[in-house]
Every structure is written in structure tokens, then in C-alpha cells.
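Have a look at the structure below before the remarks.
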Amino acid sequence: MNIPLLHPKTSTPHHSQLFLTQIRTCQSMQELKQVHAFLIKTAQNHEPVVATELLRHSATSDFRDIDYALSLFDEMPEPDCFAWNTLIRALAETHDRPLHALLFFCNMVSDGMVEPNRFTFPSVLKACSVLTRLEEGKQVHGLVVKFGFSGDEFVVSNLLRMYVMCGNMEDSHVLFRRSFDGVDYMNKVMRDKRREEGIVVLCNVMVDGYVRVGNLTAARELFDRMHKRSVVSWNAMISGYAQNGYFLEAIELFHRMQMEDLLPNRVTLVSVLPAISRLGAIEMGKWVHLYAERNKIKIDDALGSALVDMYAKCGSIGKAVQVFESLPKSNVITWNAILGGLAMHGKAKDVFDFFARMERSGISPSDVTYIAILSACSHAGLVDKGRSYFNHMVNVGFVPRIEHYGCMVDLLGRAGYLEEAKELILNMPIKSDDVIWKALLGACKVHKNVEIGRRAAEVLMQLAPHDSGAYVAISNIYASSGDWDAVAEVRLMMKDLDIRKDPGCSWIEIDGVIHEFLVEDDSHPSAKEIHSMLEEISNKLNFEGYRPNTTQVLLKMDETHKESVLHYHSEKIAVAFGLISTTPKTPLQIVKNLRICEDCHSSMKLISKIYNRKITIRDRKRFHHFEHGSCSCMDYW
DNA sequence: ATAGGGTTAG
């Protein structure tokens, strides 16, 4: 690089200006250090303006080196407020340094040479937020008042965010009311655009706070009351819905946003995609992808991961791989998204290949990566491979979490090693939870093991007394072994404890509209047509020699009644609706909230043959691609 | 020089 060759004695303010430009155009730490070295050599490193600029760049540029910045700071004889602020901000924003930022702020205050200003507090409060240090936050709040910055909107929004992030919604609300009233009044008097913007930010912080504590109702109420909303307001609400399982609401809001002429940005798309994925709404997902491309929204790793996940969860694993290949892939989440997608589709070999590629590319796997790999082994029945990946994971230093043990229980149990799966739960060094016992119970159901199944159900009923899962599963196990007395007993217990079966629910997207069906649902506008289609299907199935498998129904009832209940499982209703709403040969895609039952699985195989349709059903855990009378899972699921 | 929203998971 070109360093101006100046003799120290000739250095003037004009030359300082030259150095500032030099510093600002540096592209790496190395270049910055060269300038620094030259400044030392020519005894200009204590020139205040230049020294501060050097500090700012080493602390805040993309190639920042905080420790180097700290050493520069130590060389300053009299650091000014700007220098303190720069370092506090840099420390607060560095992943493992926010505590350091707080200590630095304490030094600043006790040093007493300079007073904190309105730029100091936002960073300090940000540090308290990420550390969720309410006590320290309150002390800083005291200093905010003492130094007279409680009217500064940047300080206030950070103060509010500190209370929100510490989960203290009561104090948040008090502060919010007070500053809102104050700012609102000022707004009326001054008609100041920037004030208005400040109010929006305060509201956004509050909406986000309510979302964080899971109070979606309060979040939505505030959102609706806002006189003005920014794209961030919409994003906060949409992601809030999506993250809390209100997928239809998230999508509905996304639509409404466009009707109100607000342009979605990259974060909006990233926020709404998980909801689209969960509902399997491929048409909407494609639309989002196209929207990003048309509007020059950069498909970075975050948006890309969400798209990969969407295509995988919507059944288009090929498209998911295609999008994946076009991404920078610098992020472990991106790799996890494709690995999880491949696993879900039962493509175990691809999972291993992609995993090897990932390691070659220098991205370190995370614990989530191993969840994807283990679940791939589980779906493909690769017990030994799963065991060896589990050991590998431990050898490279991961402490297995309950999710990993869950995968192993699933893997062993599904493959028939029920005793070993049970022993694993009993001997693992961490506390078991309801999910892991459910995995074992599910395996007992597949292998019709009454003994271990009963044991698992008993534990489960204690761990999650109001969850219908254990009752439904054990009664199905009894039913498949023909023990109707035991079934009736479970049934009675459920009645006593007022436990109801989780309603099965399926979604199918036709022409971009999502239709939702519950068990025995007749609320759809086309209910009549659907019903006759169901009858037709049933007749054709019978004609093909199909006899329903009625053992998986909770109640013992007379055979005809049982059959009619089976016909009304939500995925069958969705298929019937799909068949009458689309042209011949159109593939059908259905998403179900529970796992598919044996009867539906075998009738879907036949339906795909009789009607010559590809039918894809995504159940709670994986994909089933039905075609020409068979399923991609090879009946192992 | 300072504020608010995001992706993967048994």
C-alpha cells in the first residue's frame, strides 16, 4: 500500500487528513497495522484525531480485532468520550465480550475523566440485554436518569429492550407507557417525523417482548393499536406467530402486509418461510422464492437455509438440493437444513455424502448436524451406522443431548431392539423426558410389544399426565394384540381424567390456497362432493380386495362403524378433496400433524395405483411418496 | 457514531 512519506516535522493538519483517508481505505488488519507502524515511526501516533480513527477502525470494521483496539486504547494518554464509546460498543457487540463491555463502562465512570454521553448508554444497555443482567441493567437505568438521558429516544428504546430481554414485562410496560405518553405528546406538539419513528421502534420492542414471553394476544393487540407500523413491526409479528406455532396466522399477516402496500424485505421472507414449510404450502413457498429473485433480495445463507428447508418440507427435495448448491454454504445452519431435509426423505446415503462434503469444506458440524444424521440412520434402519456416528460425535467432543438419545432410542426401537432402547433411556446420564419415552412407545407399537409398551406408557402418563399420546398408543398396542378389555380400561381412564385424543389434522394446498381438514371434518364448503368421493374411493378399494385394518382405532366398536371412522381420517379427506379439485395425474401433496396410521398408509398405496397419482404425505416425522401402489418408506417408518 | 425484526432440531 501507499504510505505517504512524510517527515515528522512536516506533519500538519493537512497531513492528518491524508492519514485519515489512509485509515479509512484499509481493507485488512494488516494494512491498518502498517499505517499504525508508520505513525509510531514518525511519532504521530498520539495525534488525537488520527489515533481515534485508528481505534474506531480496528474496533468496528468488518476485519476488526478487538484486542488490538484495546491495546490502542491503552496507549492513549487521555482517551476522550468517543474512544470509550467506541470500545464499549465493540465489546458489547462481540459474542463473548459483553461482560467486558460492562466492566469497561464501570472503569469509564469511576475514572471520572470523561462523562458518559447519550451514545454511551445504548451500548451499555445492549450488553445488559444479551447478558440478561436485570440488576446491572437497573443500576445503569439509575445512571441514565442521573446523567439526564431519560428523554433520549435511543437510550429509552435500549432501556426498554433491556427490560424486555430480561423478561421483566411489568417494568417494561411501565416504562413503555411513560415514554409513549411523553413522546406521543411531543409528537402532537412538534409534528416531528423522527419522533414518530421513535414511537414505532418502542412499540416494536414491546411487540417483540410479548412474543418472547409467549403472549401472542398482547403482542397482536399492541400491533393492531399502532397508528403507524414499519416493516420491522410486521416482521416481529409474523416471526412471533411462526415461532409459536401459529402458522396460518403468520401467513395471513404476510398476505395482509402486501395488501397494505408494505414491501416485504429479506427478514420478512426468512420469518414467514418456516410457517410455509410447516404447512407444506409449496405454491406460496415458490412465490416467496420468485419474489426474492425478482426484487433483487439477496439470497444469503439465512434466506437460503429457510428456502432449502421449505422445499424439503414441501416435498421437493430435488429443488432443495438445487437451491442449496447455489448458496455460499458458509454457515452450519445451511448444511443442517439440507441434511435434515435429506434425512426426512429417507435419503440416508445422500446425508452421509453431504456430511463428508461439509467436513471437507471446513464447516464444523454442530449438535443439530448429528440430530439430522442420526435421524437419517433411524429412517433407513441403519443401526450400526447410527451407533458409529453416535460414538464419533462423542469422540469429537460433543456431549449428547436428550435429542441425540432420542434419535438413538428411535433408531434402536424401530429396528426392533426394544430392550436395548429401554436400557439406553434408563442408563443415560441425563434426565429422560416425555418425548424420549414416546419414541420408545412408538417403537413398541410398531413391534406390538405389550410388555415394554406398558412400561413406557406408565412412565409417560406420569411425566405428561394430560398428554393423550400415551393413552392412545397403549390402547392401540392392546388393540393390535386383541386385548379389548385392556382397551376399554384405558378408554375409561381417559374419560375419568378428561383426556381427549389430539385431533388429527391435514392440509392440502390447491391453487395456492391452503385447505385444512380435521378428523371427520364436514365443515368444508365442498363437503358433499368430498363425501361422495370418499365413498367412491372406499368402493374401489374394496373392489381391489382391500380390507381395512381396524386395529389402530381407539374404541372397540362394531366393524362397520370402525370402517367409517377410518374413512374420515383427515389425510383421506384431504386426498378425496385433492382428487376432485385437480386434473388427472396432478400429484397431490398433503401435510399431516400426526403420524400416518397403518390403515391410511396401506390405502394410500392403493389409491396411488387406482387413480394413477403420485401422492406425497408428510407426516409428523417424515415423507411418504406413494406411487404405483408402493411407498418410498418401504413400509418402514 | 448511537434504536427495532431472521434460518436448522428427537
Side-chain angles (χ1 to χ4, degrees), chain A residues 52 56 59-60 81-83 85-86 88-90 92-93 117-126 129 149 152-161 164 194 197-209 211 229-240 242-243 264-274 277 299-310 312-313 327 331-341 343-344 366-372 374-375 378 400-411 413 433-440 442 620-621:
Chain A
T52 307
R56 188 163 77 92
T60 60
C81 192
F82 189 103
N85 290 351
T86 305
I88 292 173
R89 181 158 80 101
E93 287 171 358
N117 66 7
R118 65 202 171 93
F119 293 103
T120 316
F121 286 103
S123 307
V124 177
L125 289 164
K126 192 176 270 175
S129 297
F149 295 115
D152 184 278
E153 57 186 271
F154 288 83
V155 175
V156 172
S157 62
N158 275 293
L159 208 42
L160 189 63
R161 187 164 163 73
V164 159
R194 278 193 53 232
E197 174 77 357
I199 296 170
V200 175
V201 173
L202 288 183
C203 292
N204 292 346
V205 174
M206 279 309 276
V207 168
D208 177 58
V211 165
R229 300 177 197 95
S230 67
V231 65
V232 178
S233 324
W234 289 86
N235 294 349
M237 202 63 229
I238 290 172
S239 66
Q243 285 165 4
N265 64 12
R266 201 162 46 82
V267 177
T268 320
L269 305 186
V270 175
S271 306
V272 77
L273 277 168
S277 302
I299 301 184
D300 61 354
D301 269 333
L303 178 53
S305 307
L307 284 172
V308 166
D309 179 60
M310 180 277 294
K313 288 213 174 84
L327 298 177
N331 185 328
V332 67
I333 295 181
T334 313
W335 286 93
N336 292 346
I338 193 66
L339 291 170
M344 198 181 229
S366 69
D367 50 353
V368 178
T369 314
Y370 285 98
I371 293 175
L374 295 176
S375 83
S378 171
R401 293 194 296 127
I402 187 89
E403 286 86 350
H404 301 106
Y405 286 108
C407 288
M408 290 309 287
V409 167
D410 199 51
L411 171 70
D433 66 0
D434 56 327
V435 185
I436 203 160
W437 285 103
K438 254 184 224 173
L440 181 62
R620 196 181 184 88
K621 276 231 171 91

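Keep in mind that what you see is a predicted model, and the values were worked out from it rather than measured. In the text below, chain A, chain B and the rest are named by the order of the sequence lines, each starting its count at 1.
- The side chain of A/V231 lies closest to B/dG5, out of B/dT7, B/dA1, B/dG5.
- Taking atom CG on A/L303 and atom C1' on B/dG5, their separation rounds to 14 Å, with Å as the unit.
- With B/dA9, B/dG4, B/dT7 as the choices, the nucleotide that has an atom nearest any side-chain atom of A/V368 turns out to be B/dA9.
- Among the nucleotides B/dG4, B/dA1, B/dG10, the one closest to the side chain of A/V232 is B/dG4.
- Inter-residue side-chain proximity for A/R229 and A/W234 is flagged as met; some heavy-atom pair is nearer than 4.5 Å.
- Taking a centre distance below 5.5 Å and an interplanar angle below 30 degrees as the stacking criterion, A/F119 stacks against the six-membered base ring of B/dA1.
- Relative to the side chain of A/N235, the nucleotides B/dG10, B/dG5, B/dT8 differ in distance, and B/dG5 lies closest.
- Among the protein residues, A/F121 comes within range of no part of the nucleic acid, since none of its heavy atoms lies under 4.0 Å from any strand.
- Picking from B/dG6, B/dG10, B/dA3 the nucleotide with the shortest atom distance to the side chain of A/F154 gives B/dA3.
- Of the listed nucleotides (B/dT8, B/dG10, B/dA1), B/dA1 has the atom at the smallest distance from the side chain of A/N117.
- In this structure the side chain of A/R89 never reaches within 4.5 angstrom of the side chain of A/F119, judged on heavy atoms.
- A/R118 comes within 4.0 angstrom of a nucleotide base, judged by non-hydrogen atoms across all strands.
- A/N235 and A/S271 share no side-chain donor-acceptor pair at under 3.5 Å.
- Across the protein-nucleic acid pair, A/L125 atom CG and B/dG4 atom P stand 11 Å apart, rounded to whole Å.
- Note on A/D433: a base of the nucleic acid sits closer than 4.0 angstrom, heavy atoms only.
- If you check every strand for non-hydrogen atoms under 4.0 Å, A/S239 touches sugar and phosphate atoms only.
- The residue A/L273 sits apart from the nucleic acid: no heavy atom pair falls under 4.0 Å.
- Atom CD in A/E153 sits 9.0 Å away from atom CD1 in A/I199 (nearest 0.5 Å).
- Contact annotation for A/K126: backbone-only contact, meaning every heavy-atom pair under 4.0 Å involves sugar-phosphate atoms and none involves a base.
- Across all strands shown, A/S230 has heavy atoms under 4.0 Å from base atoms, whether or not it also approaches the sugar-phosphate.
- Remark: C1' of B/dT7 and CD of A/Q243 are 10 Å apart, rounded to the nearest angstrom.
- Note: A/L269 CG to A/M310 CE = 10.5 Å, rounded to the nearest 0.5 Å.
- With hydrogens and angles left out, the side-chain atoms of A/S366 and A/N336 include a donor and acceptor closer than 3.5 Å.
- Counting any heavy atom pair closer than 4.0 Å across all strands shown, A/N85 reaches a base atom.
- Closest to the side chain of A/V201, from the set B/dT8, B/dT7, B/dA3, is B/dA3.
- Looking at the side chain of A/N336, the nearest of the listed nucleotides B/dG10, B/dG5, B/dT8 is B/dT8.
- Here A/K621 does not reach the OP1 or OP2 of B/dA9: none of its side-chain N or O atoms lies under 4.0 Å away.
- As judged by a 4.0 angstrom heavy-atom cut-off over every strand, A/V205 is placed among residues touching the sugar-phosphate backbone only.
- Closest of all the heavy-atom pairs between A/G341 and A/A312 is CA-CB, 3.7 Å.
- Note on A/D367: nothing from the nucleic acid sits closer than 4.0 angstrom, heavy atoms only.
- Using a 4.0 Å heavy-atom cutoff across all strands shown, A/V409 reaches no nucleic acid atom at all.
- Residue contacts for A/I238: at a heavy-atom cut-off of 4.0 Å it reaches no nucleic acid atom on any strand shown.
- Among the heavy atoms of the strands lying under 4.0 Å from A/N265 is at least one base atom, whether or not backbone atoms are also near.
- Closest to the A/N204 side chain, of the nucleotides B/dG4, B/dG6, B/dG10, is B/dG4.
- Out of B/dG10, B/dG5, B/dT8, the shortest distance to the side chain of A/E403 is found at B/dG10.
- Distance, A/D208 CG to B/dG6 P: 6 Å, rounded to whole Å.
- In this structure, A/L307 places its CG atom 17 Å from P of B/dG6, rounding to the nearest Å.
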